[in-house]
**Student:** 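Can you keep this structure in mind? I'll have questions shortly.
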There are 2 protein chains.
Amino acid sequence: MLRGDITVAIRNAVMNELAEVGYGRLSIEAVARRAGVGKTAIYRRWSNKLEMVMEIVSDIAERKVPLPDTGSFAGDLQLLMFIVSKALQHRIASQIIPDLMAEAARNPQIAETLQGALRTQQQALAEKLVGQAVTRGELPEGTDPKLAVDLMLGPLYWRLAISRDPIGDEYLEQLAAAVTGALKAARP
Amino acid sequence: MLRGDITVAIRNAVMNELAEVGYGRLSIEAVARRAGVGKTAIYRRWSNKLEMVMEIVSDIAERKVPLPDTGSFAGDLQLLMFIVSKALQHRIASQIIPDLMAEAARNPQIAETLQGALRTQQQALAEKLVGQAVTRGELPEGTDPKLAVDLMLGPLYWRLAISRDPIGDEYLEQLAAAVTGALKAARP
DNA sequence: AAACGGCGGAACGCAACCGTTACGTCGTAG
DNA sequence: CTACGACGTAACGGTTGCGTTCCGCCGTTT
């Protein structure tokens with residue numbers, strides 16, 4: 001039976017190593033060193049780097065985001081943006097996510113894994129959120145959920161993961177207001 | 001005197017190699033092989049990988065985008081988005097940009113170079129574009145150019161570089177309309 | 001008490017790449 | 001015509017990582 005404490009140490013080491021050097025430069029040996037573990041312990045669990053990283057990452061990424069329903073679209077949106085912005089400002093996540101996204105662009109297996117872990121949820125969440133708003137009459141019927149995702153997550157991701165400008169609460173409110181305006185203005 | 005044709009071959013090789021394997025895995029030897037050139041020819045021009053990549057990339061990135069002025073903000077925006085979407089759908093660019101962005105998150109020198117090459121222009125472009133619109137009375141006075149950048153480029157980048165969903169002209173129009181609505185709705 | 005199995009450590013052969021050097025070729029400038 | 005210098009090739013010693021193997025240790029199971 002594999003020892004659980006050692007598995008945990010490896011998982012942590014992988015996440016930290018991934019954040020520091022990225023997938024491309026991540027080596028099994030460095031993970032073992034960092035975890036204070038023999039390489040054998042790693043190869044006993046996974047057969048190579050890709051499999052190891054994918055299992056560990058998707059395990060974390062699959063943790064579901066609780067779906068907000070604050071009673072109004074503006075409220076839902078602001079809450080969602082708050083949650084996402086917190087996640088994207090997390091030290092480790094803010095390094096790993098862009099790195100794996102870039103890697104996904106050239107490795108189909110990574111793309112598939114991330115898609116399964118992240119985008120399916122996103123899609124469902126956006127559809128529900130938009131659906132609620134349409135039912136309430138806050139958004140025009142026929143509002144495109146995909147467009148909504150782009151408008152809700154795009155600016156946040158851009159700001160936090162690409163520009164890496166710090167962001168305050170007042171900015172978040174401003175952004176939420178803008179996105180609400182955007183969706184109302186979009187011709188369905 | 002260094003031979004120009006060889007410099008060109010190296011530059012091309014670097015861009016292609018960068019697109020295929022990313023910065024982290026890019027090796028001088030692979031670049032030399034790909035360019036059909038000796039390693040010596042490379043080391044005669046640059047002293048290491050970072051310097052080489054930064055010089056080549058920033059050289060390309062600094063090519064200025066002509067600033068649109070179509071007479072209306074909606075027109076400016078749609079033209080800008082069209083240009084950006086074409087750039088982000090380019091085979092090489094769509095691989096290299098996210099990769100270097102991720103790398104920039106962990107290498108200050110890369111961050112600085114990209115910032116100098118890209119963000120300064122972006123900022124200037126956004127300020128002019130928003131300024132024109134405010135003068136024309138199309139956007140409220142005090143509209144935040146930074147917010148405008150996030151709203152204009154964020155969704156496009158998200159869609160093209162992260163989601164990697166193909167996009168059509170009608171989507172682009174829809175998006176431009178939404179962003180215009182967003183900026184009008186944003187409280188200054 | 002004995003058997004089992006996961007553990008760390010060390011070493012294996014192999015491959016890739018680093019940055020540098022020495023050499024012989026070839027085009028061009030003087 | 002000669003001298004220079006950029007070129008490709010090949011080799012250098014050194015480093016790093018791969019994936020595997022063997023060892024002795026030690027806690028658990030039986």
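Every value quoted in this text rests on a predicted model; they were computed, and no experiment measured them.
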**Student:** Name the closest nucleotide to the B:R3 side chain, picking from C:dC7, C:dC17, D:dC7.
**Tutor:**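 Closest of the options to the side chain of B:R3: D:dC7.
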
**Student:** Roughly how many Å is it from CZ in B:R44 to P in D:dC4, rounded to a whole number?
**Tutor:**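 Distance, rounded to whole Å: 17 Å.
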
**Student:** Mind checking A:R45 for me? I need base, sugar-phosphate or nothing, with any heavy atom below 4.0 Å counting as a touch.
**Tutor:**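 A:R45: backbone/sugar contact only, no base atoms under 4.0 Å.
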
**Student:** List, with names and distances, any nitrogen or oxygen atoms from the protein found under 3.5 Å away from nitrogen or oxygen atoms belonging to nucleotides 13-15 of chain D.
**Tutor:**
none

**Student:** Grab the two heavy atoms, one from B:E51 and one from B:S47, that are nearest each other, plus how far apart they are.
**Tutor:**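 Taking B:E51 first and B:S47 second, the nearest heavy atoms are OE1-OG, 2.7 Å.
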
**Student:** Separation of B:L2 atom CG from C:dG27 atom P, in whole Å?
**Tutor:**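 After rounding, the reported distance stands at 18 Å.
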
**Student:** Where do A:L160 and A:S85 come nearest, in terms of heavy atoms and distance?
**Tutor:**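 What the structure gives for the nearest pair is CD1-CA, 3.6 Å.
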
**Student:** I need the minimum non-hydrogen distance between B:N48 and B:I28, along with the two atoms involved.
**Tutor:**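 That closest heavy-atom pairing would be C-CD1, 4.5 Å.
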
**Student:** Give, for atom CG of A:L183 and atom CE of A:M152, the distance between the pair rounded to the nearest 0.5 Å.
**Tutor:**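 Rounded to the nearest 0.5 Å, the CG-CE separation comes out at 7.0 Å.
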
**Student:** Can you check the A:M52 CE to D:dG17 C1' distance for me, whole Å?
**Tutor:**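 Answer to the nearest Å: 13 Å.
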
**Student:** Measure all distances between protein nitrogen or oxygen atoms and nitrogen or oxygen atoms of nucleotides 18-23 of chain D, and list the pairs falling under 3.5 Å.
**Tutor:**
{"unit_1": "D:dC18", "atom_1": "OP1", "unit_2": "A:I28", "atom_2": "N", "d": "2.8"}
{"unit_1": "D:dC18", "atom_1": "OP2", "unit_2": "A:I28", "atom_2": "N", "d": "3.1"}
{"unit_1": "D:dC18", "atom_1": "OP2", "unit_2": "A:E29", "atom_2": "N", "d": "3.1"}
{"unit_1": "D:dG19", "atom_1": "OP2", "unit_2": "A:Y43", "atom_2": "OH", "d": "2.6"}
{"unit_1": "D:dG19", "atom_1": "N7", "unit_2": "A:K39", "atom_2": "NZ", "d": "3.0"}
{"unit_1": "D:dG19", "atom_1": "O6", "unit_2": "A:K39", "atom_2": "NZ", "d": "2.7"}

**Student:** With under 30° as parallel and over 60° as perpendicular, where do the rings of A:Y157 and B:W158 fit, or are they tilted in between?
**Tutor:**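 Ring orientation, 0 to 90° scale: perpendicular.
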
**Student:** With a 4.0 Å cut-off on heavy atoms, is B:R25 in touch with a base, just the backbone sugar-phosphate, or nothing at all?
**Tutor:**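 Contact class for B:R25: none.
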
**Student:** Measure across B:E17 and B:A30 and return the closest heavy-atom pair with its distance rounded to 0.1 Å.
**Tutor:**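 Closest approach of B:E17 to B:A30: OE2-CB, 3.4 Å.
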
**Student:** Let me check something: do B:I60 and B:I92 share a hydrophobic cluster, defined by ILVMFWY side-chain heavy atoms less than 4.5 Å apart, either directly or through other members?
**Tutor:**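 Shared cluster, yes.
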
**Student:** Does B:R164 reach the main-chain N or O of B:A161 with its side chain, forming a donor-acceptor pair under 3.5 Å?
**Tutor:**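 Yes, B:R164 side chain to B:A161 backbone: donor-acceptor pair under 3.5 Å.
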
